**Q** 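Please find one structure pasted underneath; my questions will follow.
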Amino acid sequence: MIRRIRFDVVHFQAMSVVDTANRESNSIALPGLGRALILAGKLGQKSAEDIYRKASSGRTSFIAELTGSGAVSPSDLAHTMSSAYAAPLVDLDAIDAQRLPKGLLDGKICQAYRVVVLSKRNNRLTVATADPSDQEAVEKIKFATQLGLDWVIAEYDKLLKLVDVNSASTTETMEEIIGGEFEFDEAAADGVSDNDQPGVSEVEDAPVVKFLHKMLLDAFSMRASDLHFEPYEHTYRVRFRIDGELREIAAPPIAIKDKLASRIKVISKMDISEKRVPQDGKMKLKVGPNRVIDFRVSTLPTLFGEKIVIRILDPSSAKLGVDALGYEPEEKKRLMDAISRPYGMILVTGPTGSGKTVSLYTCLNLLNKPGVNIATAEDPSEINLPGVNQVNVNDKAGLTFAVALKSFLRQDPDIIMVGEIRDLETADIAIKAAQTGHLVLSTLHTNDAPTTLTRMRNMGIAPFNIASSVILITAQRLARRLCANCKTTIDIPQKALLDAGYKPDEIDNSWTTYRPVGCSICNGGYKGRVGIYQVMPITEEIQRIILRDGSALDIAKQAASEGVESLRRSGLHKVKLGLTSLEEVLAVTNE
């Protein structure tokens, strides 16, 4: 528990420190921080003056120049200031940034003076700082909040990270990035104005609009993939999926649910009067003249209102390149060899949210050249790729995957991408396209590469057609990536490593295992995700197994003998590289 100290008393005690050092220094008016360090013997007079002059000429803060030059370490600085000003010392790594109070102090003040509000009790704020001698910060915060201050001291480097992550409200940070210009693209669809829909005027509620803006911008800045707006009988909650995990972000009043749902449906061009059936839509958030964020919206009627899920679509993810996806060199070579073939079928498999679409579009981006005709059929298209003819499947209008594929074959295509092979008719057309000189890319929902072939057989596809068309199958998962800032080593018993799938000769001292810790810049010890892949080319031996209607076990055994590693083995290699933890790999793979 943080000990509370009135700033007025601390300031009175610290004045003797400052005055004593001031009498010893007549050559230059050093700030209180410098004088306190000189008196504590942590910094020489000349060094302090040189650093101060350099900071002044470079228009940087004295404390930034002080720690950046290495004259005083952030840890020494924190301990010295804690002793000099009789203020408690706090370790910010032990504080969950997401649980800190919001809105108590303007984000611009937090950024300007490098402070973080840790708590509020009655009419006093507990504020973390690295420089309690900054009188300008004291007066500014007191005036802005009209509250008393209790200072605690934190290490400057840790404080900077927490300030950047948490102090400024996301809306303000985004406004700085985009020049304060952001708005929804609410252009009328099909010639129908938003105002023609019943009840639109009822949802033009300023608090609702601001709340929705903030949630969307928060999700974008936190690198969330999805937003969930969930109504219950007496509560309402908003959750973000960050690095594959759902986290509760806000709990607005239950009374907001209908207005919020209507607002989202208006922007997404849905029917706001229809609340009995699910609906799908899309919306755009314009952030400045040259940047637009796309969102895919889905509504679902539940017992207590409409649940809404919004997916953030990031076109830039398809342009990162194969190396950014996490393929090992051998896996990358197999994939590159396959997509360079003039015809055949490449399948990407895995559960929902495993990154299949990004993998497909990464391949399409490599193949997208002026001399190539590429057509895609998706439900719906998530990533806009200029130069590619993209079609959204519409079952109600009769535009199914099969219909789109038949049409593609009359459009002189070179490469065809099918969002998902769902039925026998789609599979048959896709296979015929692969057999007649087209490169076909698609996805299937299976657990690994070998079971994909048996799944196609169970759909009713003849073994000959499978063997003669499929050239490569990639199964994939996404594992959370360890935060490079806070991960720490862990000793795992040899038996546990063997049980996980390591071979005895792989367990030595040449590599280190890590575990998540958690800090101010990550999500419980993880930040971002890394792909785990099983890349299986269809060789002649595997074709023979398919033709004699062999099982998935037979195919897996043959693939392993040809050097194709299972998803578990691929994940274990990521653990050896220090990219993820063993527990994460065990959670996302089965063996």
Side-chain angles (χ1 to χ4, degrees), residues 185 187-192 197 265 267-272 274 276-284 294-301 308-311 313 315 318 343 345-349 352-353 356-361 363-365 367-368 372-445 455-456 459-461 465 469:
D185 184 357
D190 301 325
V192 179
Q197 294 199 58
K265 288 163 82 173
I267 301 166
S268 307
K269 310 305 176 202
M270 300 183 196
D271 183 356
I272 68 171
E274 180 57 78
R276 299 166 297 175
V277 296
Q279 296 188 64
D280 294 307
K282 295 180 76 173
M283 63 183 180
K284 297 176 181 288
D294 292 317
F295 300 90
R296 190 181 74 194
V297 185
S298 173
T299 68
L300 177 69
I308 300 172
V309 176
I310 301 176
R311 169 157 290 188
L313 308 178
Y343 58 87
M345 179 180 284
I346 298 171
L347 295 172
V348 180
T349 75
T352 301
K356 299 188 297 296
T357 301
V358 171
S359 294
L360 283 177
Y361 267 93
C363 294
L364 288 180
N365 194 50
L367 297 167
N368 187 17
V372 179
N373 181 19
I374 304 176
T376 73
E378 299 168 86
D379 184 21
S381 177
E382 293 188 358
I383 297 173
N384 180 26
L385 195 60
V388 174
N389 305 290
Q390 297 171 277
V391 174
N392 275 338
V393 169
N394 188 339
D395 290 333
K396 291 182 180 178
L399 181 57
T400 62
F401 279 116
V403 171
L405 272 175
K406 288 178 182 177
S407 179
F408 287 168
L409 294 176
R410 295 190 290 271
Q411 293 276 321
D412 185 31
D414 296 302
I415 299 168
I416 295 172
M417 195 271 271
V418 186
E420 182 183 351
I421 294 179
R422 298 176 178 173
D423 52 53
L424 179 58
E425 184 181 12
T426 304
D428 274 336
I429 300 170
I431 283 174
K432 287 175 183 176
Q435 291 171 335
T436 54
H438 306 92
L439 185 64
V440 179
L441 292 81
S442 189
T443 69
L444 270 177
H445 288 276
R455 164 76 189 281
M456 295 179 74
M459 289 173 68
I461 304 171
N465 285 331
S469 60

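The structure presented is a predicted model; accordingly, all values stated were derived computationally and were not measured. Each residue takes its place number in the sequence, starting with 1.
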**Q** Could you pull out the closest heavy-atom pair between Met417 and Tyr361, with the gap in Å?
**A** CE-CE1, 3.5 Å
**Q** So, does Asp379 use its side chain to make a donor-acceptor pair with the main chain of Phe401 at under 3.5 Å?
**A** no
**Q** When rounded to the nearest 0.5 angstrom, what is the spacing between CG in Leu385 and OG1 in Thr376?
**A** 8.5 Å
**Q** May I ask you to decide if Asp414's main-chain N or O and Asn373's side chain share a donor-acceptor pair within less than 3.5 Å?
**A** no
**Q** Look only at the side chain of Glu378 and the backbone of Gln390, and say whether a donor-acceptor pair between them is shorter than 3.5 Å.
**A** no
**Q** Okay, side chain of Arg296, backbone of Asp280: is any donor-acceptor separation there less than 3.5 Å?
**A** no
**Q** Out of curiosity, Ile415 CD1 to Asn389 CG, how far, rounded to the nearest 0.5 Å?
**A** 11.5 Å
**Q** Which pair of non-hydrogen atoms, one from Ala433 and one from Val440, has the smallest distance, and what is that distance?
**A** CB-CG2, 3.9 Å
**Q** Might you point out which heavy atoms bring Ile421 and Ala427 nearest each other, and give the distance in Å?
**A** CG2-CB, 3.6 Å
**Q** Kindly say whether Lys265 contributes a backbone atom to a donor-acceptor pair with the side chain of Ser268 at under 3.5 angstrom?
**A** no
**Q** Test your reading of the model: is there a side-chain donor-acceptor pair from Ser469 to the backbone of Met345, 3.5 Å cut-off?
**A** no
**Q** Determine the minimum heavy-atom distance between Met270 and Gln279, stating which atoms define it.
**A** CB-OE1, 3.3 Å
**Q** To the nearest 0.5 Å, what is the distance between OG on Ser359 and CG on Leu364?
**A** 11.0 Å
**Q** Before you tell me yes or no, could you show the steps for Leu405 and Glu425 under side chain to side chain contact (heavy atoms under 4.5 Å, CB included), namely the whole-Å CA-CA distance, both residues' side-chain angles and the distance that decides it to 0.1 Å?
**A** CA-CA 10 Å; Leu405 272 175; Glu425 184 181 12; over 6 Å; no
**Q** Please answer whether the main-chain N or O of Ile429 pairs with a side-chain N or O of Lys406 as donor and acceptor at a distance below 3.5 Å.
**A** no
**Q** Could you go through Phe295 and Ile267, starting from their C-alpha distance and side-chain angles, then the distance that decides it, and tell me whether this counts as side chain to side chain contact (heavy atoms under 4.5 Å, CB included)?
**A** CA-CA 11 Å; Phe295 300 90; Ile267 301 166; over 6 Å; no
**Q** Checking side chain to side chain contact (heavy atoms under 4.5 Å, CB included) for the pair Ile346/Leu439: CA distance, chi angles, key distance, verdict?
**A** CA-CA 8 Å; Ile346 298 171; Leu439 185 64; 4.2 Å; yes
**Q** Calculate, to the nearest 0.5 Å, the distance between atoms CD and OG1 belonging to Glu420 and Thr352 respectively.
**A** 8.0 Å
**Q** Would you call Gln435 and Asn465 a side-chain contact if the rule is heavy atoms closer than 4.5 Å?
**A** yes
**Q** Return the minimal non-hydrogen interatomic distance between Thr443 and Gly419, and the atom names on each side.
**A** OG1-O, 2.5 Å
**Q** Determine whether Thr349 and Arg455 make a side-chain contact, defined as any pair of heavy atoms from C-beta on separated by less than 4.5 Å.
**A** no
**Q** To the closest 0.5 Å, what do you measure between CE (Met459) and OG1 (Thr426)?
**A** 7.5 Å
**Q** Are Val297 and Ile308 close enough that some pair of their side-chain heavy atoms sits under 4.5 Å apart?
**A** yes
**Q** What are the two closest heavy atoms between Ile416 and Leu409, and how far apart are they?
**A** CD1-CD2, 3.9 Å
